[in-house]
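Since the structure comes first, as structure tokens, the remarks are kept for the end.
Counting from 1, the numbers follow the sequence of the chain as shown.
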Amino acid sequence: TEMINNTNSNTDDNNEATKKKIFTVNDIPENVEQLYAIPVNWELVDQQKIIETKLKPWISKKIAEILGEEEENFAVFTCDKLNEHISPQEMISSLSVVLDDEASGFVKKLWRTLLYETLKS
């Protein structure tokens with residue numbers, strides 16, 4: 001993780017093309033404190049319709065894996081919550097009603113995917 005912190009502070013001055021080449025999903029921390037501390041560029045998320053185009057199919061698939069069947073309404077609910085730009089903690093709270101103990105692990109994966117999609121854009 002030390003490399004991630006150094007990379008983040010150094011890439012601010014680099015051009016976008018360089019940043020894109022070196023960025024992979026492995027650059028996103030798995031530690032939830034570090035992960036949830038990274039600010040989401042919601043303007044970019046909204047502009048590029050990342051929730052609808054990238055995250056909704058991922059969410060539908062993951063929810064089906066967790067619940068054992070597709071739950072379109074729950075996937076839409078999850079996307080609606082993301083569109084409200086809520087925090088990961090609020091998301092866990094909202095989803096735990098249905099996902100119980102799986103909510104925090106699901107939101108961690110969701111947040112990593114969200115950040116990956118925004119940072120690679």
Side-chain angles (χ1 to χ4, degrees):
T1 56
E2 202 51 45
M3 190 179 116
I4 293 167
N5 292 338
N6 291 343
T7 303
N8 286 349
S9 60
N10 292 340
T11 54
D12 289 347
D13 299 329
N14 293 349
N15 66 36
E16 288 298 308
T18 306
K19 197 162 129 183
K20 280 183 185 178
K21 279 186 220 161
I22 61 167
F23 184 76
T24 69
V25 73
N26 294 329
D27 294 324
I28 299 172
E30 293 212 30
N31 173 295
V32 289
E33 285 179 24
Q34 292 174 324
L35 175 66
Y36 296 162
I38 299 171
V40 175
N41 183 344
W42 290 112
E43 188 178 334
L44 182 73
V45 170
D46 296 341
Q47 231 173 32
Q48 298 196 358
K49 301 196 181 319
I50 289 172
I51 295 168
E52 292 75 16
T53 59
K54 305 285 187 187
L55 294 180
K56 191 168 187 283
W58 183 91
I59 289 167
S60 297
K61 182 180 156 215
K62 290 295 175 193
I63 289 174
E65 287 173 14
I66 293 169
L67 299 178
E69 61 185 353
E70 287 197 21
E71 281 290 337
E72 190 58 28
N73 290 341
F74 192 62
V76 169
F77 172 79
T78 305
C79 290
D80 287 348
K81 287 291 174 193
L82 281 173
N83 279 316
E84 293 172 18
H85 305 168
I86 67 173
S87 71
Q89 293 79 4
E90 291 171 304
M91 182 66 85
I92 292 168
S93 176
S94 296
L95 302 184
S96 63
V97 176
V98 174
L99 297 180
D100 297 322
D101 297 341
E102 303 277 347
S104 50
F106 173 78
V107 172
K108 176 183 169 183
K109 290 175 190 164
L110 172 62
W111 228 254
R112 288 188 83 221
T113 305
L114 172 65
L115 288 170
Y116 173 72
E117 291 298 339
T118 57
L119 294 171
K120 77 171 188 158
S121 294

Original post:
Can you name the closest pair of heavy atoms from Trp111 and Ser87 and give their distance?
Top reply: CH2-C, 3.9 Å

Original post:
Do Val40 and His85 come close enough that some side-chain heavy atom pair is under 4.5 Å?
Top reply: no

**OP:** May I ask you to check whether over 12 heavy atoms, not counting those of Asp100, lie within 6.0 Å of atom CG?
**Re:** yes

Subject >> Hydrophobic cluster membership, Val76 vs Leu99, 4.5 Å side-chain cutoff >> reply: no

Subject >> Contact summary for Pro57 and Glu52, nearest pair of heavy atoms >> reply: CD-O, 3.8 Å

Original post:
So, for Leu82 and Trp42, which heavy atoms are closest and what is the spacing to 0.1 Å?
Top reply: O-CZ3, 3.4 Å

**OP:** Identify the heavy atoms of Ser60 and Ala75 that sit nearest to each other, and give their distance.
**Re:** OG-CB, 3.5 Å

**OP:** Supply the atom-to-atom distance Leu55 CG to Leu110 CG, rounded to the nearest 0.5 angstrom.
**Re:** 6.0 Å

Original post:
Going hydrophobic residue to hydrophobic residue with side-chain gaps under 4.5 angstrom, can you get from Ile86 over to Val32?
Top reply: yes

Original post:
Looking at residues at least two apart in the chain, or sitting in another chain, which of them share a salt bridge (Lys or Arg N to Asp or Glu O under 4.0 Å) with Lys54?
Top reply: none

Original post:
What is the minimum heavy-atom distance between Phe106 and Lys62, and which atoms define it?
Top reply: CE1-CB, 3.6 Å

Original post:
What is the distance from atom CG of Asp80 to atom CZ of Phe74, rounded to the nearest 0.5 Å?
Top reply: 11.5 Å

Subject >> Side-chain heavy atoms of Phe77 within contact of Glu71, under 4.5 Å >> reply: no

Original post:
In terms of heavy-atom contacts, does CD of Glu70 have more than 12 from other residues, nucleotides or ligands at under 6.0 Å?
Top reply: no

**OP:** Working to the nearest 0.5 Å, report the span between CG of Asn41 and OG1 of Thr118.
**Re:** 6.5 Å

**OP:** Output the distance between atom CD1 (Ile59) and atom CD (Glu72), rounded to the nearest 0.5 Å.
**Re:** 10.5 Å

Subject >> Lys108 side, atom NZ; Ile28 side, atom CD1 - distance, nearest 0.5 Å >> reply: 12.0 Å

Subject >> Closest non-hydrogen atom pair between Leu95 and Ala103, with its separation >> reply: C-CB, 4.1 Å

**OP:** With rounding to the nearest 0.5 Å, note down the distance linking CD in Glu43 to CD in Gln48.
**Re:** 10.5 Å

